[in-house]
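What follows is a short report on a single structure.
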Amino acid sequence: MEVIHDKNNNRFVIYIDGAEAFVEYSLAENVIELYHTYTPPHLRGRGLAEKVVHAALEYAKENKLKVIPSCSYVAVFLQRHPEYSELKN
């Protein structure tokens with residue numbers, strides 16, 4: 001399962017079984033706001049949201065971006081993964 005950075009649509013996405021799991025973002029200067037995570041109901045419980053959020057946070061880390069976790073899933077992910085705490089805006 002490959003996470004694709006879809007820059008044209010501001011999201012990190014996994015295509016699987018004809019569906020999409022993704023996290024959407026907005027980017028301004030050195031801040032990325034992760035504002036919406038979605039996994040289709042029939043694909044939930046497979047760790048797809050975790051994979052796309054992880055990819056987004058690694059992108060932020062590599063590009064020295066601060067993160068605004070306005071999506072509740074992303075906020076909880078950051079609480080559970082203190083290794084990303086330095087990214088939080």
Side-chain angles (χ1 to χ4, degrees):
M1 250 177 289
E2 180 186 1
V3 177
I4 297 166
H5 185 185
D6 179 1
K7 291 181 182 180
N8 291 334
N9 293 305
N10 290 348
R11 64 190 191 150
F12 290 84
V13 61
I14 294 174
Y15 297 101
I16 184 168
D17 298 337
E20 303 173 346
F22 56 84
V23 61
E24 295 177 311
Y25 68 86
S26 63
L27 185 62
E29 296 180 26
N30 67 335
V31 178
I32 187 168
E33 179 181 6
L34 302 175
Y35 64 84
H36 182 229
T37 304
Y38 178 75
T39 302
H42 71 284
L43 294 175
R44 292 182 184 161
R46 295 171 66 176
L48 301 176
E50 181 178 0
K51 289 181 189 318
V52 294
V53 169
H54 179 262
L57 293 173
E58 284 297 313
Y59 175 80
K61 191 175 184 179
E62 291 167 9
N63 291 280
K64 297 177 178 38
L65 302 173
K66 289 294 185 181
V67 174
I68 298 172
S70 49
C71 167
S72 61
Y73 182 88
V74 176
V76 169
F77 185 96
L78 285 169
Q79 288 174 354
R80 292 182 180 162
H81 295 273
E83 65 270 24
Y84 293 112
S85 62
E86 77 277 359
L87 298 177
K88 200 168 174 185
N89 193 17

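Keep in mind that what you see is a predicted model, and the values were worked out from it rather than measured. Values reported hereafter were calculated over all heavy atoms of this structure, with side chains retained and with hydrogens, waters and symmetry mates removed.
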Can you give me every donor-acceptor pair (side chain of residues 3-24, partner residue at least two apart or in another chain, under 3.5 Å) with its distance?
| residue | atom | partner | partner atom | Å |
| --- | --- | --- | --- | --- |
| H5 | NE2 | Y25 | OH | 2.6 |
| D6 | OD1 | N8 | N | 3.4 |
| D6 | OD1 | N9 | N | 3.3 |
| D6 | OD1 | N9 | ND2 | 3.4 |
| D6 | OD2 | N9 | ND2 | 2.9 |
| D6 | OD2 | R11 | NE | 3.3 |
| R11 | NH1 | E20 | OE1 | 3.0 |
| R11 | NH2 | E20 | OE1 | 3.2 |
| R11 | NH2 | E20 | OE2 | 3.3 |
| E24 | OE1 | H36 | ND1 | 2.9 |

- Any chance CD of E29 has more than 12 other-residue heavy atoms, nucleotides or ligands included, within less than 6.0 Å? no
Q) Linking I/L/V/M/F/W/Y whenever their side-chain heavy atoms sit closer than 4.5 Å, directly or via other members, would I32 and V76 fall into one cluster? A) no
Worksheet entry | Y35 with Y84, same ILVMFWY side-chain cluster at under 4.5 Å | no
Could you list the donor-acceptor pairs under 3.5 angstrom formed between side-chain atoms of residues 37-47 and any protein atom two or more places apart in sequence or on another chain?
| residue | atom | partner | partner atom | Å |
| --- | --- | --- | --- | --- |
| R44 | NE | T39 | O | 2.6 |
| R44 | NH2 | T39 | O | 2.9 |

To the nearest 0.5 Å, atom CG of N89 lies from atom OG of S70 at 11.0 Å
Does the pair L87 and L78 meet the rule for a side chain to side chain contact (heavy atoms under 4.5 Å, CB included), with working shown? CA-CA 9 Å; L87 298 177; L78 285 169; 5.5 Å; no
Identify every side-chain donor-acceptor pair in residues 59-68 under 3.5 Å, counting partners at least two apart or on other chains, and give the distances.
| residue | atom | partner | partner atom | Å |
| --- | --- | --- | --- | --- |
| N63 | ND2 | Y59 | O | 2.8 |
| K66 | NZ | E86 | O | 2.7 |

Nearest heavy-atom approach of E50 to Y73 is N-OH, 3.2 Å
